[in-house]
Structure formats: C-alpha cells, structure tokens
Amino acid sequence: MKEVWRKLLCKNIELQLVGTLNGGQSFRWKKILKDDKDEWVGVFRNKLWILQQEEDYILYKVLGGSDKSENSEQTLRDYFQLDLKLEDHYPIWSEKDPYFKEAAKQFYGIRILNQEVTENVFSFICSSNNNISRISSMVEKLAKFYGKEICEYNNEMYYAFPEVENLADDSVEKKLRDNGFGYRAKYINRTAQIIVENGGKKWLEKLRNMEYIDSKKNLMTLTGIGAKVADCICLMSLGHLQAIPVDTHIYQIAKRLYMPKLHQQKTVTDKIYNEIGDHFRELYGPLAGWAHTVLFCADLKKFQGNNEKEDTNTKPKKKNKK
DNA sequence: TTTTGGCCTGACGG
DNA sequence: ACCGTCAGGCCAA
C-alpha cells in the first residue's frame with residue numbers, strides 16, 4: 001500500500017508550514033527529516049497527514065484512512081482555511097500597523113488552523129501555566145491513552161485525538177495525575193463530564209453558530225477554561241476570528257508597543273484583558289485574531305530560538321549537553 | 001469589581 | 001546540590 005505524494009497548489013506566501021504548524025496553535029505536528037527532506041507529520045480529522053513545503057505547492061500524503069471517496073484536498077484546504085487569501089489581507093493589516101508590516105516580512109503565510117474543537121478544548125486546558133514542549137507531550141499522552149490507533153509511520157504509532165466520552169470516565173483524573181498532568185488532570189476529566197452532560201461534541205459544535213461573546217461565555221463555564229483559553233478555542237476551532245487570546249506574550253507586546261499606559265500595570269485583570277482585545281479589534285477589524293497571531297508568532301520565535309540553522313538574530317544557545 | 005496566592009511539573013540559571 | 005523563577009492561566013477567597 002505505497003501511498004503516492006499528491007500536490008496541492010498553494011504559494012508559500014499563502015501558507016508557510018513552519019510558522020503555522022510550529023506556532024503554538026496545534027501541539028500535534030512535528031518536523032522530521034526523511035529521505036533528506038523536511039516533512040511535517042501530524043494528526044487531524046482522524047488521519048495521519050504528511051506534508052512537504054515546496055515553492056508553489058504543498059506535497060501531501062494521507063495515511064490511515066480506508067475510504068477513498070473522501071476528498072482529501074478539500075479536507076486540507078478546509079483545515080488551512082485556504083479560501084481566505086492572505087494576499088488580500090496582509091497589505092491591509094500592514095497599512096494599519098507598521099509593527100505588523102515589519103513582522104510580516106519574516107512571518108508571511110501564517111494561517112489560523114481550523115482545528116477540531118474537542119482537541120482544541122483539551123489541548124488548551126493543558127496549556128495553562130505551562131510550556132510548549134510539555135503541553136505537546138501531554139496532548140500526545142491523551143491521544144495514546146484514550147485515542148484510536150491510526151497507523152504507524154517512520155517506526156512510530158500515531159493516534160487519533162480521543163472522543164469526549166473517553167475522557168469523561170471517573171478513572172481519568174487519577175491516570176492523568178499519575179502521568180504528570182498536575183492540577184490539570186481534574187480540569188480535563190471534569191470538563192469532559194460537563195460536555196457529555198450538555199450533549200457531547202454536538203454541544204461544542206453549536207458554539208460555532210453563536211455570537212463570539214456567547215460562545216466564549218459558554219466555554220468559560222467549563223473547568224480550567226478562563227478568558228484566554230476560551231479565546232483560543234473561539235479563534236482556532238469555532239471560526240470566531242475576532243477573538244484575541246491575551247497571553248503573557250501578547251500582554252508584553254501590547255504594553256511595549258501599543259498601549260504604553262499599561263506600563264506600570266503588574267497583572268492582567270479582566271478589564272485590562274478586554275481593553276487589549278478591543279484595542280487590536282479596533283486596529284485590525286473583524287479578522288483581528290488572525291492578524292494578532294502573526295505578531296504572536298514573531299514574538300514567540302524570538303524567545304524559542306528556532307530548532308536549527310536559520311536562527312541568526314538571537315543569541316546562540318548552548319544546548320548540546322548530551 | 002479587582003487583586004492575591006496556590007496549584008503540578010520540569011527546565012534553566014545563578 | 002540547591003533554590004528561585006518561569007513557562008502561552010485558572011480558581012477561590
């Protein structure tokens with residue numbers, strides 16, 4: 001069953017894989033080197049996807065699916081929301097904001113992924129007070145413990161993200177706590193139970209058709225979901241592209257560049273949180289969440305200091321201990 | 001309404 | 001070796 005590469009026409013200014021898949025939106029993608037090429041390997045919509053970035057197109061393979069009737073190109077286009085043309089929007093955002101314009105030079109082709117809401121909810125409950133590498137390992141554990149096997153690739157097994165029902169069992173909290181989830185174990189288990197009581201995945205999907213603010217309020221009734229996590233979910237899996245998740249990065253950026261009056265402000269109160277969001281919504285308009293993500297990526301990369309070579313403008317990190 | 005600690009864990013620097 | 005701090009917050013008081 002040798003799968004062949006398929007081609008999705010798409011210029012790299014419309015989609016930059018590294019910035020989009022490695023920018024803290026999804027925690028399930030990783031870059032591997034295979035046959036001397038960079039491949040992005042990740043799971044979504046219950047399948048394993050392998051992607052390669054070329055100049056004017058994306059090469060892709062889908063593994064672990066049985067029905068051939070499905071239109072995988074359409075699934076991919078939907079995941080990356082390719083109908084929205086960045087070519088139309090980057091110039092507008094650049095005109096409104098010189099800092100955006102500067103960030104956009106390196107961070108072109110940054111897309112908001114249209115993620116599955118269940119995965120998004122539980123991934124971002126894991127994200128609180130946490131760092132990306134640990135969040136990733138926690139999400140992998142959720143999939144491995146409670147998700148279905150998809151297939152093996154490159155000597156590794158990949159798993160679908162679990163159904164809510166499987167995270168709602170009473171045994172889940174202890175298992176997760178024993179596996180290093182800390183206080184988030186309870187939030188995950190309890191939130192799964194509440195969602196099931198509310199009607200399961202369907203309840204989550206209904207949030208897409210509500211107004212942004214109502215959708216957010218509903219999410220915040222779940223345990224472990226405050227304003228920031230709710231905004232992440234609104235933006236990344238419910239189509240509310242005006243949502244602005246204000247995390248510490250965005251808070252620092254806002255303070256430094258956009259809202260100097262916050263200079264003395266120590267903590268992010270609800271009021272300040274909303275002011276920051278409103279500021280960016282007024283600046284960028286109805287797709288503010290998308291635009292802000294470009295700023296976020298630029299800031300994130302500065303501190304992460306990239307994985308390999310192309311890391312020129314940050315101080316060298318000595319990391320090769322063994 | 002706003003502000004403060006406490007919470008799990010692991011990596012890092014002094 | 002050991003401690004304080006930080007990492008994409010949330011919650012209860």
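What you are looking at is a predicted structure, and each value in this text was computed from that prediction instead of being measured. Just so it is clear: chains get the letters A, B, ... in the order the sequence lines come, proteins before strands, and each one is counted from 1.
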Contact list please: residues 175-185 of chain A against DNA chain B, heavy atoms, distance less than 4.0 Å, in numerical order.
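When residues 175-185 of chain A is checked for heavy atoms under 4.0 Å from DNA chain B, the hits, listed by number, are A:R177, A:G180, A:G182, A:Y183, A:R184.
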
Without decimals, in angstroms, what is the distance between [X] [atom1] and [N] [atom2]?
X      : N      : atom1 : atom2 : result
A:D231 : C:dG9  : CG    : P     : 14 Å
A:D247 : C:dC10 : CG    : C1'   : 14 Å
A:Q252 : C:dG8  : CD    : C1'   : 12 Å
A:I272 : B:dT2  : CD1   : P     : 9 Å
A:L295 : C:dG8  : CG    : P     : 17 Å
A:I125 : C:dG8  : CD1   : P     : 18 Å
A:I233 : C:dG8  : CD1   : P     : 18 Å

Can you give me every donor-acceptor pair (side chain of residues 80-87 of chain A, partner residue at least two apart or in another chain, under 3.5 Å) with its distance?
{"residue": "A:Q81", "atom": "NE2", "partner": "A:I112", "partner atom": "O", "Å": "3.0"}
{"residue": "A:D83", "atom": "OD1", "partner": "A:R77", "partner atom": "NH2", "Å": "3.0"}

Can you run down the ring-ring contact (aromatic ring centres under 6.0 Å, His included) pairs that involve residues 111-144 of chain A, sequence neighbours left out, and say none if there aren't any?
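Only A:F27-A:F124 qualify under ring-ring contact (aromatic ring centres under 6.0 Å, His included).
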
Taking the [atom1] atom in each of [N] and [M], what is the distance between them to the nearest angstrom?
N      : M      : atom1 : value
C:dA12 : B:dT1  : C1'   : 15 Å
C:dG4  : B:dG6  : P     : 14 Å
B:dG10 : C:dC11 : P     : 23 Å
C:dA13 : B:dC8  : P     : 15 Å
C:dG8  : B:dT4  : P     : 23 Å

Check the pair A:Y60 / A:W5 against ring-ring contact (aromatic ring centres under 6.0 Å, His included), numbers first and verdict last.
CA-CA 5 Å; A:Y60 70 97; A:W5 290 102; 8.6 Å; no

Connected-component partners of A:Y159 among ILVMFWY, side-chain separation under 4.5 Å
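A:M157, which link up through side-chain heavy atoms under 4.5 Å apart, make up the rest of the cluster.
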
Distance-only side-chain donor-acceptor flag, A:D231 / A:Y212, under 3.5 Å:
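Present: a donor and an acceptor within the cut-off.
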
Does either side chain, that of A:D170 or that of A:Q193, offer a donor lying less than 3.5 Å from an acceptor on the other one?
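Judged by distance alone, the side chains do pair up.
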
Parsed dot-bracket for DNA chain B after applying the Watson-Crick and G-U rules with both distances under 3.5 Å and | for other-strand partners is ..|||||.||||||

Identify every side-chain donor-acceptor pair in residues 51-59 of chain A under 3.5 Å, counting partners at least two apart or on other chains, and give the distances.
{"residue": "A:Q53", "atom": "OE1", "partner": "A:L17", "partner atom": "N", "Å": "2.8"}
{"residue": "A:Q53", "atom": "NE2", "partner": "A:L15", "partner atom": "O", "Å": "3.1"}

side-chain hydrogen bond (donor to acceptor under 3.5 Å, both in side chains) involving A:N155 - partner list, sequence neighbours excluded
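Partners of A:N155 by the side-chain hydrogen bond (donor to acceptor under 3.5 Å, both in side chains) criterion come out as none, since no residue qualifies.
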
Report the residues that fulfil side-chain hydrogen bond (donor to acceptor under 3.5 Å, both in side chains) with A:N179, sequence neighbours left out, ordered by chain and then residue number.
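A:N179 satisfies side-chain hydrogen bond (donor to acceptor under 3.5 Å, both in side chains) with no other residue.
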
All N/O pairs under 3.5 Å across the protein-nucleotides 11-13 of chain C interface:
{"residue": "C:dC11", "atom": "OP1", "partner": "A:G224", "partner atom": "N", "Å": "2.8"}

Polar pairs (N or O, both sides) under 3.5 Å between protein and nucleotides 3-7 of chain C?
{"residue": "C:dA7", "atom": "N7", "partner": "A:N129", "partner atom": "OD1", "Å": "3.3"}

Stepwise side-chain contact (heavy atoms from CB on, under 4.5 Å) check, A:F44 with A:E116
CA-CA 8 Å; A:F44 70 92; A:E116 291 147 293; 3.8 Å; yes

State which residues pass salt bridge (charged side-chain N to carboxylate O under 4.0 Å, His left out) with A:R184; sequence neighbours excluded, sorted by chain then number.
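Listed in chain order: nothing, the list is empty.
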
Charged N-O contact under 4.0 Å between A:K174 and A:D178
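Yes, charged N to carboxylate O under 4.0 Å.
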
For A:E73, is there an ion pair with A:K7 - N to carboxylate O distance below 4.0 angstrom?
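Between A:E73 and A:K7 there is no salt bridge, as every charged N stays at least 4.0 Å from the carboxylate O atoms.
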
What is the nucleic acid contact for A:V268, judged by heavy atoms within less than 4.0 Å: base, sugar-phosphate only, or nothing?
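Result for A:V268 = nothing.
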
Could you pull out every donor-acceptor pair under 3.5 Å between side chains of residues 220-229 of chain A and any protein atom, sequence neighbours left out?
{"residue": "A:T221", "atom": "OG1", "partner": "A:N218", "partner atom": "O", "Å": "2.6"}
{"residue": "A:T223", "atom": "OG1", "partner": "A:Y187", "partner atom": "O", "Å": "3.1"}
{"residue": "A:T223", "atom": "OG1", "partner": "A:T191", "partner atom": "OG1", "Å": "3.0"}

If you go through the side-chain atoms of A:K228, does one of them form a donor-acceptor pair with the base of C:dG9 closer than 3.5 Å?
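No.
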
